[in-house]
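To keep things clear, I will list the structure first and then write my remarks on it.
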Amino acid sequence: MRIVLLGPPGAGKGTQAERLSERFAIPQLSTGDMLRAAVAAGTPIGHKADDIMKRGELVPDDVVVAVIVERIEQPDAADGFILDGFPRTVGRAEALDGVLAINAHELHRVLEIKVDEKVLLDRVLRRAAEAKANGLPVRKDDTQDALSVRLTAYGDQTRPLIDYYSNRGLLTSVDGLQSIDLVTAALVEAIGA
Ligand code: AMP
């Protein structure tokens, strides 16, 4: 089962991807997590991505594609995966289709977590405060300034994917303002497995 999760920053994609990953026993592939790990490890990809991510802009395609294609080809992703944070542009969605087609694979479902922009700032600031209080690393892009850049990137570059996948009959939108459990239940129902 190959699933894509879509939604603006702070919609809860990471939380839900983790739950779906457990439920369906397929890995969560988060390009954001992979890039943050590369930054923390100080790899060449991390050096390229660090400042761009801090500003809230999208990391260039060549960097992200190198990261995700290698990951999709790992044995644990052979039977499926939950993509969280990729693709973020129509061009990348087409590239993903191409990579999957090589192995006669296709996407099973694309799930959009819809959340009103007005609640997103609260959510990301709360995430930063909670991480800090728990002694966990605070995301450098969970700030008001970076969020506004991330929202613009989402609106301009990622939102067109909603039509792209909807036109192909793959999209289900779920209300992301419900409780975490209800969002999970709605996503599981949409997957229909
Ligand atoms: P996320 O954890 O999904 O919110 O991603 C955090 C940041 O990582 C984004 O704001 C981008 O700078 C970068 N990033 C993650 N995934 C992608 C992607 N598919 N394409 C470009 N940049 C990405």
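Nothing fancy with the numbering, it's 1 onward along the sequence. The shown structure was predicted, so the numbers you read here are calculated from the model rather than taken from an experiment. Counting convention: from 1, in listed order, for ligands and their atoms alike.
- With salt bridges taken as basic N to acidic carboxylate O contacts below 4.0 Å, one links K54 and D50.
- With respect to D97 and R168, a salt bridge is recorded, a charged nitrogen being found less than 4.0 Å from a carboxylate O.
- Where the criterion is an N or O separation shorter than 3.5 Å, residue side chain and backbone included, V59 meets it with respect to ligand 1.
- Here the side chains of L187 and I3 are not in contact, with every heavy-atom distance at 4.5 Å or above.
- Contacts between K13 and ligand 1, counted as non-hydrogen atom pairs separated by less than 4.0 Å, are absent for every part of the residue.
- Backbone and side-chain nitrogen or oxygen atoms of D33 are examined, and none is located within less than 3.5 angstrom of a nitrogen or oxygen of ligand 1.
- At a heavy-atom distance under 4.0 Å, only side-chain atoms of L35, from C-beta outward, approach ligand 1.
- Checked against a 3.5 angstrom limit, the closest N/O atoms of G85 and ligand 1 fall inside it.
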Going through the distances and angles, do F81 and R2 end up as a side-chain contact (heavy atoms from CB on, under 4.5 Å)? CA-CA 5 Å; F81 47 73; R2 294 171 179 80; 3.8 Å; yes
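- Taking each heavy atom of R88 and T158 in turn, the nearest pair found is O-OG1, 2.7 Å.
- Distances between N or O atoms of D84 and those of ligand 1 include no value under 3.5 Å.
- At least one heavy atom of R139 sits less than 4.0 Å from an atom of ligand 1.
- Residue contact check: V64 has heavy atoms under 4.0 Å from atoms 18 (C), 19 (N), 20 (N), 21 (C), 22 (N) of ligand 1.
- D181 and R19 are joined by a salt bridge, as a carboxylate oxygen and a charged side-chain nitrogen come within less than 4.0 angstrom of each other.
- Between S30 and ligand 1, no N or O atom pair is found at a separation short of 3.5 Å.
- Which of Q157, M34, R92, R88 comes nearest to atom 17 (C) of ligand 1 through a heavy atom is settled by distance: it is R88.
- A salt bridge does not link D142 with R126: every distance from a Lys NZ or Arg NE/NH1/NH2 to an Asp or Glu carboxylate oxygen is 4.0 Å or more.
- Counting only heavy atoms of the protein, atom 12 (O) of ligand 1 lies nearest to E57 O, 2.5 Å.
- The pair D51-K140 does not meet the salt-bridge criterion, since no charged nitrogen lies less than 4.0 angstrom from a carboxylate oxygen.
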